[in-house]
Amino acid sequence: MTPVSSGSGEKSRPSLFWPVAAIVVPLVSLIAKVRVTGAEKLPRTGAFVLAPNHYSEFDPLIVALAVWRIGRAPRFMAKESLFKVPVLGWVLRRTGMIPVARTSSASSAKLTMKQSAELVEHGRGVIVYPEGTLTRDPELWPMRGKSGAVRLALADGIPLIPMAQWGTQEIMGRYQKGLSLWPLRKPVQVIIGDPVDVSDLRGRAGEQSALNEATNRLMNAITALLEELRDEKAPAERWNPTSHGQKETGRLDS
């Protein structure tokens, strides 16, 4: 059973999350029987960067449900263009979602610093998919990661938490149109790991080699968690869409 945090006020304080959760939580719970392991590893208070694997358009709802049950508000990094959509943009801003823009390196670094400082100031967590889009790996293992998650974590020493989930593909497979609803309550396992130690790289946060090393550590941690859930070993070489002539689309990371 997933313990509910008594240390965070995010879930107990009135917010726009309440009416959204009142609708989403029962629906997702009807479709999926979500079991969370390692819930105690998600900080009960303060900022965090949570980095899950990504292979289904449905898994953000699984991740959000798990985080909400633990007692934290599930805030995602979302494309900047979504914040300009009427109504949706208002909801995203009111719930504290973080916009990410496709900008130059200098502008991107400045934006990351600002976003990281705001997470610390408000004691909020953010969910960032380090792969940036659905994995292209044929067997649904995590593929090459992007540096967005580690940039946020390194900027202010924010805990970088790996997460893996498995079973969502039975509800909505990669690129599947529509949901596979029957039978209801399909089992989905979620596991949260220990924070990834990147403290030795903070002084080199502006160097690409340091970002690559931090991202590799994070992807290794996520993959290890998924290996535990799947009870099998991932391929020795992580899938790289570029080397396989694939185009990465829909990225929320950089």
Side-chain angles (χ1 to χ4, degrees), residues 2 16-17 19-39 42 49-70 72-79 81-82 85 88 91-92 95 97-98 100 125-143 145-146 148-149 161-193 219 222-223 225-230 234 239 241 246 248-253:
T2 304
L16 191 58
F17 282 104
V20 173
I23 298 171
V24 174
V25 170
L27 286 176
V28 177
S29 298
L30 180 64
I31 297 170
K33 183 178 181 181
V34 181
R35 179 178 180 270
V36 182
T37 303
L42 189 69
V49 176
L50 183 65
N53 62 320
H54 193 22
Y55 60 83
S56 168
E57 296 286 4
F58 193 79
D59 63 52
L61 291 175
I62 297 296
V63 173
L65 175 64
V67 171
W68 182 252
R69 282 183 178 175
I70 293 171
R72 298 304 304 263
R75 296 181 173 91
F76 288 83
M77 181 172 279
K79 290 185 291 186
S81 59
L82 296 177
V85 178
L88 175 60
V91 171
L92 293 175
T95 53
M97 304 296 172
I98 295 181
V100 58
V126 64
I127 301 161
V128 183
Y129 285 105
E131 296 165 274
T133 187
L134 300 179
T135 181
R136 300 295 192 264
D137 184 275
E139 301 300 322
L140 304 183
W141 291 103
M143 65 176 181
K146 302 293 183 177
I161 315 294
M163 170 190 270
Q165 50 84 30
W166 188 245
T168 312
Q169 74 278 6
E170 300 299 329
I171 299 170
M172 187 177 192
R174 184 177 55 180
Y175 312 131
Q176 177 180 324
K177 302 297 183 183
L179 303 177
S180 299
L181 297 177
W182 191 260
L184 295 175
R185 302 273 290 164
K186 290 185 174 72
V188 177
Q189 298 183 75
V190 175
I191 184 170
I192 300 171
M219 298 311 299
I222 295 171
T223 301
L225 293 175
L226 188 56
E227 287 178 332
E228 184 177 339
L229 291 182
R230 295 175 60 165
W239 189 267
Q246 295 177 318
E248 297 176 78
T249 59
R251 294 183 297 177
L252 300 184
D253 205 343

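Fair warning: this is a prediction, and the values are worked out from it, not measured in the lab.
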OH on Tyr129 to CE on Met163, rounded to 0.5 Å: 8.5 Å
Shortest non-hydrogen contact between Thr223 and Met219, atoms and distance: OG1-O, 2.8 Å
Student check: side-chain heavy atoms of Ile70 and Ile192 closer than 4.5 Å: yes
Spacing of Ile171 atom CD1 and Trp182 atom CH2 [to the nearest 0.5 Å]: 14.0 Å
Minimal non-hydrogen separation, Glu57 against Pro60, with atom names: O-CD, 3.3 Å
Inter-residue atom distance Lys33.NZ - Gln189.CD, 0.5 Å rounding: 11.0 Å
Side-chain touch Pro130/Ile222, heavy atoms, less than 4.5 angstrom: yes
Side-chain heavy-atom pair Lys146, Val128 within 4.5 angstrom cut-off: no
pair Phe58-Ile31: side-chain heavy atoms closer than 4.5 Å: yes
CD1-CZ distance between Ile127 and Arg72, expressed to the nearest 0.5 angstrom: 10.5 Å
Closest contact, heavy atoms only, Ser180 versus Lys186: O-NZ, 2.7 Å
Pro187 side chain reached by Glu170 side chain, heavy atoms, under 4.5 Å: no
Where Ala164 and Leu229 come nearest, the two heavy atoms and their spacing: O-CD1, 3.6 Å
For the student: nearest non-hydrogen atoms of Trp141 and Thr135, plus distance: O-OG1, 2.7 Å
Gln169 side chain to Gly167 backbone, donor-acceptor under 3.5 Å: yes
For Arg185, salt bridge (charged side-chain N to carboxylate O under 4.0 Å, His left out) partners two or more places apart: none
Distance-minimising heavy-atom pair for Glu131 and Pro142: OE2-CA, 3.3 Å
Note, Val190 side chain near Val63 side chain (heavy atom, < 4.5 Å): no
By side chain to side chain contact (heavy atoms under 4.5 Å, CB included) - contacts of Leu30 (at least two apart): Leu184
Nearest-0.5 Å distance, CG of residue Leu140 to OG1 of residue Thr168: 10.5 Å
Results of salt bridge (charged side-chain N to carboxylate O under 4.0 Å, His left out) for Arg75 - residues two or more places apart only: Glu10
Close side-chain approach of Leu65 to Ser29, heavy-atom, < 4.5 Å: yes
Over-ring placement of Arg136 relative to Trp239, 6.0 Å and 45° cut-offs: no
Arg69 side chain to Val36 backbone, donor-acceptor under 3.5 Å: no
CG-CG distance between Asp137 and Asn53, expressed to the nearest 0.5 angstrom: 11.0 Å
